[in-house]
**Student:** 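Have a look at this one before I ask anything.
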Amino acid sequence: MKTTDRAPARRARAGEVRLEGQPVSPGVAIGYAAIAHEPAAPAVDITRRDCDPAHERTRLHDAVSRSVAQLVRLHERLSLLPEDGQVEIGSLLEVYRRMLGPSRLRRGIEVRLDQGMVAEAAVMQETEALAGFMLAPPGRPAPEGEDAVAARRRAGEFREIGRRLIRNLSGTPYRSFSALPDGAILVAEQIRPADAALIDPSRIAAVVTEEGGSTGHTAILLRALGVPAVLAAHGLLAQLGRRTRLVVNGTTGQITIRPTTRTAAAARVEVAAYARERQTLGRLRRLPARLSSGEVLTLQANLEIPAELPMIAQSGAAGIGLLRSEFLFMNAETVPDEVQQEAVYQPMITAMAGDPVTIRVVDWGSEKNSDALARAGIGDGGDINPALGIRGIRLLLQHRALLETQFAAILRAARAGPVRVMLPLVSSVGELRAAREIYARVGRRLRRKGVDIPDPLPPLGVMIETPAAALMADVMAQEADFFAIGTNDLTMYTLAADRAATDVATLYDPFHPAVLQLVRMTADAALRQRRPVSICGEMASDPQAVPLLVGLGLRSFSMHASAVPRVKRAIRAVSMDDCRRMASRALEAVDGQEVSAMLATYAATMHPSTDE
Ligand code: PEP
Ligand code: MG
């Protein structure tokens with residue numbers, strides 16, 4: 001990146017101007033714009049076919065080594081970043097590192113080198129081919145909705161790693177933002193995820209770009225870094241002159257160019273209010289999740305990738321309520337074996353230092369997919385309607401070896417601390433029985449081999465994600481050791497509205513009284529049978545929803561670690577009576593909109609309390 005504060009081609013106009021972009025990271029900042037242009041990419045000759053493959057392989061090998069070293073250096077910088085940033089950037093670096101390892105990408109590049117291509121061209125063509133495959137998989141319909149977002153992100157990852165390799169092959173350096181003045185507002189046509197990883201949030205007041213969108217890696221990274229940011233602010237660069245002052249509102253997406261004294265003063269008030277809010281949430285970490293009437297609730301974290309661990313430890317969460325083990329299979333070349341899986345679970349359990357870890361066995365199928373499992377012929381995606389096909393526990397009972405391996409790995413790792421094992425997408429008690437039989441058999445086998453595993457075996461529970469499981473919760477509770485309500489899927493199956501499809505997004509409403517009835521039935525059944533019950537769908541991370549869920553009978557919540565402080569604040573502001581009132585009104589509502597409106601009114605009248 002080349003940084004400059006010189007005027008662009010078009011002369012800037014005088015006076016305050018407002019512009020709208022996409023708000024991607026909340027917060028308000030005021031400062032001078034520093035424009036960072038990206039240096040041109042080196043030219044690549046894609047026509048050559050006369051190169052020496054051995055020589056090009058050596059060049060590729062060196063470029064890979066340099067790229068890995070750069071990623072390691074970026075990783076070392078992680079500890080300097082806010083914890084949310086560590087998580088996002090850490091996981092992205094992990095993806096890049098895997099791509100540079102013995103991956104499909106590497107194999108594809110090497111095949112092209114064998115055809116006599118120059119390394120730069122081989123990298124460029126292979127990364128483009130893989131990106132294209134992600135965006136338009138041959139023989140399959142183009143991804144839509146959330147799938148399309150994920151596909152664009154994955155395509156971006158391939159292109160990003162390709163650019164890094166080409167820069168290293170041609171010796172074109174990356175520039176850092178270290179030359180930017182402290183407190184500057186970074187303005188660029190585009191910020192790539194790897195550039196975002198170099199941003200020091202203590203020095204950059206905000207980021208604004210002309211391109212980009214709210215769901216890409218860059219946006220996620222900027223949010224994680226806590227840097228106010230607005231992307232897709234078209235036409236901004238043309239408005240900037242020498243030392244142009246800006247007010248950037250990352251919450252609303254508004255950018256004010258050359259603010260008047262009055263606008264600047266109002267912005268300063270907002271900057272201070274936002275800083276106070278962050279401080280308050282920070283203090284909440286150490287306080288209990290106690291209702292104003294005294295009852296203490298349990299807040300745990302959902303974990304999707306290992307890089308989230310440090311954040312969970314610092315969030316104030318009391319353990320992991322949902323460890324989605326899919327990450328082990330998602331970017332893997334082969335299905336991980338017992339030893340490999342144990343090596344992943346064990347340090348996580350140790351890191352939670354005695355707080356429980358609930359590991360969900362792999363929930364493959366529907367909108368989730370795994371190259372490793374597909375290659376092993378498991379879950380070929382042939383279902384006409386994948387959400388209603390072979391997924392979750394159904395798939396595992398068809399491929400028992402996979403379930404046995406995972407049970408065994410978890411039982412071995414359970415020496416490190418308290419563990420619970422959870423089954424996804426259960427719709428009948430028979431599935432639980434079949435899984436428990438396998439669980440017990442695996443336990444006996446390990447004991448026979450002299451492996452030290454807990455006695456009795458760790459609790460085996462089920463996710464309540466289908467209306468069938470909720471309606472049969474009393475029967476289920478007699479055989480399950482615990483319940484975790486997965487409202488993401490429960491909402492989808494109750495309302496027959498795909499959780500990933502945009503065209504039914506308005507129908508997909510976890511506040512629909514039908515969903516709430518099922519949540520209450522499940523909580524009641526668990527109470528009657530004295531089984532622990534928690535909720536781990538997205539709803540559990542909504543501060544407005546949690547008091548309602550308390551009223552429906554829930555006392556344990558699992559959510560993304562970043563949501564814990566806000567949920568705690570909401571909990572500490574309400575009494576059990578408030579919660580029960582909300583629940584009974586919600587259950588009488590005619591639809592989800594009525595419930596949402598009621599919750600918003602309650603939230604507006606609450607007074608958050610953080611004192612202790
Ligand atoms: C759920 O369905 O609510 C859940 C937590 O599982 P996932 O989102 O992983 O399907
Ligand atoms: Mg689910």
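Counting convention: from 1, in listed order, for ligands and their atoms alike.
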**Student:** Measure the spacing between NE2 of His560 and CD of Glu304 and express it to the nearest 0.5 Å.
**Tutor:**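 These two atoms lie 7.5 Å from each other.
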**Student:** How does Met559 reach ligand 1, by side chain, by backbone, by both or by neither, if only non-hydrogen atoms under 4.0 Å count?
**Tutor:** neither
**Student:** Below 4.0 Å from ligand 1: does a non-hydrogen atom of Met463 turn up there or not?
**Tutor:** yes
**Student:** Taking both backbone and side-chain atoms into account, decide whether Glu465 has an N/O/S atom under 2.8 Å from the Mg ion (ligand 2).
**Tutor:** yes
**Student:** By number and element, which atoms of ligand 1 are closer than 4.0 Å to a non-hydrogen atom of Arg324?
**Tutor:** 4 (C), 5 (C), 6 (O), 7 (P), 8 (O), 9 (O)
**Student:** Can you see whether Ser293 engages Glu295 through a side-chain donor-acceptor pair at a distance of less than 3.5 angstrom?
**Tutor:**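 Indeed, the side chains of Ser293 and Glu295 share at least one donor-acceptor pair under 3.5 Å.
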**Student:** Which atom names give the shortest non-hydrogen contact between Met348 and Leu323, and what distance separates them?
**Tutor:**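 For Met348 versus Leu323, the nearest heavy atoms are SD-CD1, 3.6 Å.
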**Student:** To the nearest 0.5 Å, what is the distance between CD1 (Ile161) and CZ (Arg97)?
**Tutor:**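 Ile161 atom CD1 to Arg97 atom CZ measures 11.0 Å (nearest 0.5 Å).
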**Student:** Does the distance from a Lys or Arg side-chain N to an Asp or Glu carboxylate O, for Glu588 and Arg585, drop under 4.0 Å?
**Tutor:** no
**Student:** Taking only residues two or more places apart in sequence or in another chain, which ones pass side-chain hydrogen bond (donor to acceptor under 3.5 Å, both in side chains) with Thr358?
**Tutor:** Arg420
**Student:** Any N/O of Arg360 closer than 3.5 Å to an N/O of ligand 1?
**Tutor:**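 Right, the criterion is met.
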**Student:** Could an N or O of ligand 1 be found under 3.5 Å from any N or O of Arg391, whether backbone or side chain?
**Tutor:** no
**Student:** Taking only heavy atoms of Leu322, which atoms of ligand 1 are found under 4.0 Å from at least one of them?
**Tutor:** 5 (C)
**Student:** If the cut-off is 4.0 Å to any non-hydrogen atom of Cys536, which atoms of ligand 1 fall inside it?
**Tutor:** 5 (C)
**Student:** List ligand 1 atoms under 4.0 Å from Arg499, heavy atoms only on the residue side.
**Tutor:**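 Heavy-atom distances to Arg499 below 4.0 Å select 2 (O), 7 (P), 8 (O), 10 (O).
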**Student:** Is the shortest N/O to N/O distance between Glu326 and ligand 1 below 3.5 Å?
**Tutor:** no
**Student:** Listed by chain and number, what are the side-chain hydrogen bond (donor to acceptor under 3.5 Å, both in side chains) partners of Ser325, not counting sequence neighbours?
**Tutor:** Gln406
**Student:** Check Asp489 and report its N/O/S atom nearest to the Mg ion (ligand 2), by atom name.
**Tutor:** OD2
**Student:** Could you measure the distance from the CD atom of Gln517 to the CG atom of Leu587? Nearest 0.5 Å is fine.
**Tutor:** 5.0 Å
